[in-house]
There are 2 protein chains.
Amino acid sequence: MAETADARWANRSSLLAVLLAGGQHSRAGLTQQTGLSAATVSRVVEGLLDEGLVREGAVLQTGRRGRQGVVIEVAAERGVAVGVDLGGTTCRFLATDLLGHSPRYREEPTPRHLAADDLADWLAERVRALYADSAAPDVLRAGVIGLPGAVAADGLGVRGATNLPQIEGELFTRRVRRALDGTVAFGNDADLALEGELRHGAARTADTAVMFTVGAGFGAGVAVDRHVRGGPTGLVGEFGFLPVDSEDHTVEELVGAEGLMRAARDAGLDVDTAADLFVDSSPAARAVIDRFERALGVALIAVTIAYEPELVVLGGRVSASIDAAMTTRLRERVRRRLPACPELVHSELADLAGALGAVSRGLSALRVRFDVAPDAAAAVRADLELSALLSPAGTTR
Amino acid sequence: MAETADARWANRSSLLAVLLAGGQHSRAGLTQQTGLSAATVSRVVEGLLDEGLVREGAVLQTGRRGRQGVVIEVAAERGVAVGVDLGGTTCRFLATDLLGHSPRYREEPTPRHLAADDLADWLAERVRALYADSAAPDVLRAGVIGLPGAVAADGLGVRGATNLPQIEGELFTRRVRRALDGTVAFGNDADLALEGELRHGAARTADTAVMFTVGAGFGAGVAVDRHVRGGPTGLVGEFGFLPVDSEDHTVEELVGAEGLMRAARDAGLDVDTAADLFVDSSPAARAVIDRFERALGVALIAVTIAYEPELVVLGGRVSASIDAAMTTRLRERVRRRLPACPELVHSELADLAGALGAVSRGLSALRVRFDVAPDAAAAVRADLELSALLSPAGTTR
DNA sequence: TGAAAATATTTCAGAGTGAGAGCAAATTAG
DNA sequence: CTAATTTGCTCTCACTCTGAAATATTTTCA
């Protein structure tokens with residue numbers, strides 16, 4: 001412990017962290033970025049060149065006089081990260097290289113009729129195909145798969161996957177993991193969506209943030225100190241279970257699309273989608289929406305008390321129906337009761353948040369496998385090439 | 001950054017961390033405890049001897065054959081930590097040396113009629129007296145003062161101190177701090193009570209824990225990864241604000257002693273203390289207690305969802321009335337709705353939790369000032385000499 | 001063309017570590 | 001009582017790694 005060798009490793013870590021965040025860096029630039037001496041940077045870079053983890057690229061055209069620096073570029077093809085968002089209806093895949101570049105995105109309907117085994121094989125096959133895109137001989141691979149259920153801290157046990165019951169337990173996850181030689185990890189889809197927003201979306205600058213996912217049901221992801229928390233059994237953030245009145249109605253029943261539709265039916269309303277309810281001005285519809293707003297307000301109060309987040313990101317299908325007037329009313333509702341209230345913003349990454357978050361985690365795992373210190377690996381702010389994805393053509397919206 | 005000198009500092013840190021945790025250690029023992037080489041331990045100890053931070057004590061009688069080791073003991077008189085729990089009615093003081101030994105405890109009625117200035121002077125005078133007990137020439141002092149209100153992250157702004165209104169704002173805290181030359185920090189009393197239970201009480205072994213303080217009002221402290229969290233404005237954990245029914249009753253109204261007494265009066269009951277309500281078997285009293293239990297259940301559900309703690313510690317005056325039957329019912333209530341439920345246990349430190357937590361934080365601050373790495377400083381599990389305090393004679397119970 | 005400036009490498013002294021030798025002090029065995 | 005053994009501590013030495021400074025290299029500017 002605490003040998004002198006640690007220093008070298010620490011320096012290599014912080015240097016690699018800078019390189020893996022992307023951008024053009026010469027050795028001189030790295031000297032500035034890392035605060036190390038020029039000599040040390042030269043030596044560490046030499047080591048990385050020997051490892052084949054970086055290579056010298058073009059000379060850096062600065063326009064200033066003096067000798068030009070040589071760009072040190074990461075051998076990005078040495079790693080592949082695959083992020084998957086396995087939803088109840090759609091499955092999204094996103095693969096990138098070690099730098100988060102050359103994204104390849106695809107989506108398919110989830111074959112929800114398949115049993116656990118077959119679904120696992122179906123998924124593994126597609127991930128393997130994305131892995132295979134990189135032809136380099138010694139590629140490290142890391143896949144992260146978001147599931148519509150709570151994932152235990154061990155990363156295998158799945159619970160509460162009402163949308164895709166066959167993935168419950170450890171059968172599905174174990175089979176996927178084995179089929180992919182242990183290169184994959186699992187996470188909760190809401191947590192990964194928050195991870196995405198946290199690194200590349202609306203919560204980019206937030207330290208502590210919560211994401212409400214309002215879809216068929218209601219879920220929340222929680223990030224404290226830029227670290228998404230799931231809890232030992234993955235229960236953390238499941239504010240859908242929170243009771244909101246004396247009759248034991250829960251947030252999920254009043255806020256989720258399923259609950260909304262049931263309430264609409266009970267009120268004799270004839271609507272096809274939850275979104276229709278929000279634009280229906282009949283008293284019956286307004287009553288349902290009022291209860292929606294009340295319940296969402298309770299959830300907002302609860303998370304404000306629990307974490308005092310700077311930001312609550314609204315995501316999920318139904319969240320699109322939450323307009324500015326309603327967010328204003330929600331914040332007022334909180335402010336009437338509490339001395340502070342988080343910002344309320346809509347998701348920036350929409351459908352892609354989950355897959356992006358999954359890739360981000362995969363990239364972190366890759367960095368660690370390339371022997372970057374875990375803290376540094378998680379702190380890297382990679383500049384993924386998202387523009388192509390988020391342009392109108394790239395997404396399904 | 002990352003010079004070789006860091007290694008020496010890191011080694012000094014981990015060695016000091018072992019020494020400050022207490023116990024008898026020879027150089028050989030330290031070699032084992034720290035994992036460092038014998039040579040390094042000798043060198044670091046030599047440095048500490050030069051600093052005057054440690055000294056050689058008696059020879060260690062092991063009974064084994066071979067040369068006897070010399071005990072390296074911390075110059076505990078080099079630091080004084082004072083913890084204060086400034087309550088609405090009682091103010092408790094606890095002072096220890098750098099090792100958490102030679103505790104001096106006293107309590108006085110809080111002079112709640114004094115204005116901010118005078119109260120600050122009153123408090124500072126008493127803390128100064130405790131500081132003065134150590135006659136060593138170069139003593140470092142650290143005081144931590146628990147206040148019955150939310151303390152902002154900057155450690156100065158106080159809010160929601162309904163029990164002791166004159167400490168609101170920054171006037172009181174600034175004056176105390178200046179009177180004590182900046183050697184003091186402030187914290188929320190519920191947070192510090194949890195800190196105490198976390199380090200020396202019921203939550204000793206827990207990683208993530210919550211403490212409910214059920215007194216006149218209702219507050220909660222939150223510790224995640226053995227780290228008590230307050231939030232930017234100190235709002236974190238104020239689950240008293242949580243609404244529990246459609247009529248907007250809050251947890252505080254239904255659970256705090258004040259709310260209980262009001263409800264009792266409204267129900268035409270003639271009781272003197274909240275405790276009486278719990279042993280009253282009349283239907284009216286039972287109804288009040290039922291609502292108490294329901295609201296506490298909602299708070300328990302909320303914290304379980306928010307943090308999934310291993311443990312919820314029950315503290316505060318009213319918590320004594322919560323018997324085993326009620327905790328069992330509460331846990332059943334949670335389990336009916338959630339897939340997991342924390343343990344529910346009573347505080348072990350009772351009235352002293354706050355002062356103990358405050359001293360613990362003071363000790364941490366002292367360690368940091370002696371240049372121990374903050375992480376290591378916080379992780380030290382000092383063995384305070386509590387037996388004298390917790391024995392029947394030591395407390396007010 | 002030469003001066004100035006920026007990048008990169010090499011050299012060197014200094015700081016620090018661990019292994020192992022060596023010394024000191026205790027117990028045990030004969 | 002003496003020698004062997006064991007344990008604690010220190011000293012020496014080889015090694016790693018760093019940053020400062022000198023040097024080489026390459027570019028722009030006057």
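Letters A, B, ... are given to chains in the order of the sequence lines, protein chains preceding strands, and every chain is numbered from 1.
Within the 4.0 Å cut-off from OP1 or OP2 of dA8(C), at least one side-chain nitrogen or oxygen of Ser26(A) is found. One finds a side-chain N or O of Asn11(B) lying less than 4.0 angstrom from the OP1 or OP2 phosphate oxygen of dT17(C).
Looking only at side-chain heavy atoms (C-beta outward), Arg78(B) and Leu140(B) stay at 4.5 Å or farther from each other. A heavy-atom distance below 4.5 Å is not found between the side chains of Glu197(B) and Leu356(B). Looking at heavy atoms from C-beta onward, Leu15(A) lies in side-chain contact with Leu48(A) at the 4.5 angstrom threshold.
Between Leu60(B) atom CG and dA25(C) atom C1' there is a gap of 14 Å when expressed in whole angstrom units. Look at CZ on Arg12(A): it is 17 Å from C1' on dT16(D), rounded to the nearest Å. Look at CD on Gln32(A): it is 12 Å from C1' on dT7(C), rounded to the nearest Å. In this structure, His25(B) places its NE2 atom 14 Å from P of dG8(D), rounding to the nearest Å. As rounded to whole Å, 18 Å separates atom C1' of dT18(D) from atom CH2 of Trp9(B). Residue Ile72(A) contributes atom CD1, which lies 13 Å from atom P of dT7(C) at whole-angstrom precision. When rounded to the nearest whole Å, the span between CG of Leu36(B) and C1' of dG16(C) equals 12 Å.
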Tabulate protein N/O versus nucleotide N/O from nucleotides 19-22 of chain C, keeping only pairs under 3.5 Å, one per line.
none

Atom pairs, N/O to N/O, protein against nucleotides 28-30 of chain D, distance under 3.5 Å?
{"unit_1": "dC29(D)", "atom_1": "O4'", "unit_2": "Arg65(A)", "atom_2": "NH1", "d": "3.2"}

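Applying the salt bridge (Lys or Arg N to Asp or Glu O under 4.0 Å) criterion to Arg177(B), with sequence neighbours excluded, gives no partner residue. Scanning for salt bridge (Lys or Arg N to Asp or Glu O under 4.0 Å) contacts around Glu195(A) gives Arg199(A), Arg361(A), with sequence neighbours left out. With sequence neighbours left out, the side-chain contact (heavy atoms from CB on, under 4.5 Å) criterion links Leu311(A) to Ala203(A), Ala206(A), Ala209(A), Val313(A), Glu343(A), Val345(A). In this structure, the salt bridge (Lys or Arg N to Asp or Glu O under 4.0 Å) partners of Asp225(A), at least two apart in sequence or on a different chain, are Arg229(B). Residues meeting the side-chain contact (heavy atoms from CB on, under 4.5 Å) test with Ala373(A), sequence neighbours left out: Trp9(A), Ser13(A), Ala376(A). With sequence neighbours left out, the salt bridge (Lys or Arg N to Asp or Glu O under 4.0 Å) criterion links Asp133(A) to Arg104(A).
Residue Val70(A) is in sugar-phosphate contact alone, with no base atom involved, counting any heavy-atom pair closer than 4.0 Å across all strands shown. Within 4.0 Å (heavy atoms only), Thr31(B) reaches no atom of the nucleic acid at all.
Two end axes, each from the C1' atoms of five base pairs, can be drawn for the helix from dT1(C)-dA30(D) to dG30(C)-dC1(D); they diverge by 10°, to 10 degrees.
Looking only at distances, no side-chain donor or acceptor of His101(A) sits under 3.5 Å from a matching main-chain atom of Leu98(A). Remark: the backbone N or O of Val82(B) is not paired with any side-chain donor or acceptor of Tyr131(B) at under 3.5 angstrom. At least one donor-acceptor pair under 3.5 Å links the side chain of Asp154(B) to the backbone N or O of Leu156(B).
Of all nucleotides listed (dT10(D), dA6(C), dT18(D)), dA6(C) comes nearest to the side chain of Arg67(A).
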Scan the side chains in residues 36-44 of chain B for donor-acceptor partners under 3.5 Å anywhere in the protein, sequence neighbours excluded, and list what turns up.
{"unit_1": "Ser37(B)", "atom_1": "OG", "unit_2": "Thr40(B)", "atom_2": "N", "d": "3.2"}
{"unit_1": "Ser37(B)", "atom_1": "OG", "unit_2": "Thr40(B)", "atom_2": "OG1", "d": "3.0"}

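Residues in residues 47-57 of chain A take part in these side-chain hydrogen bond (donor to acceptor under 3.5 Å, both in side chains) pairs, two or more places apart or across chains: Arg12(A)-Glu51(A), Arg27(A)-Glu56(A), Arg55(A)-Glu77(A).
Of the residues in residues 45-53 of chain B, none lies under 4.0 Å from DNA chain D by heavy-atom distance.
Nearest-nucleotide mapping onto DNA chain C: of Thr40(B) and Arg27(A), the residue sitting toward the 5' end is Arg27(A).
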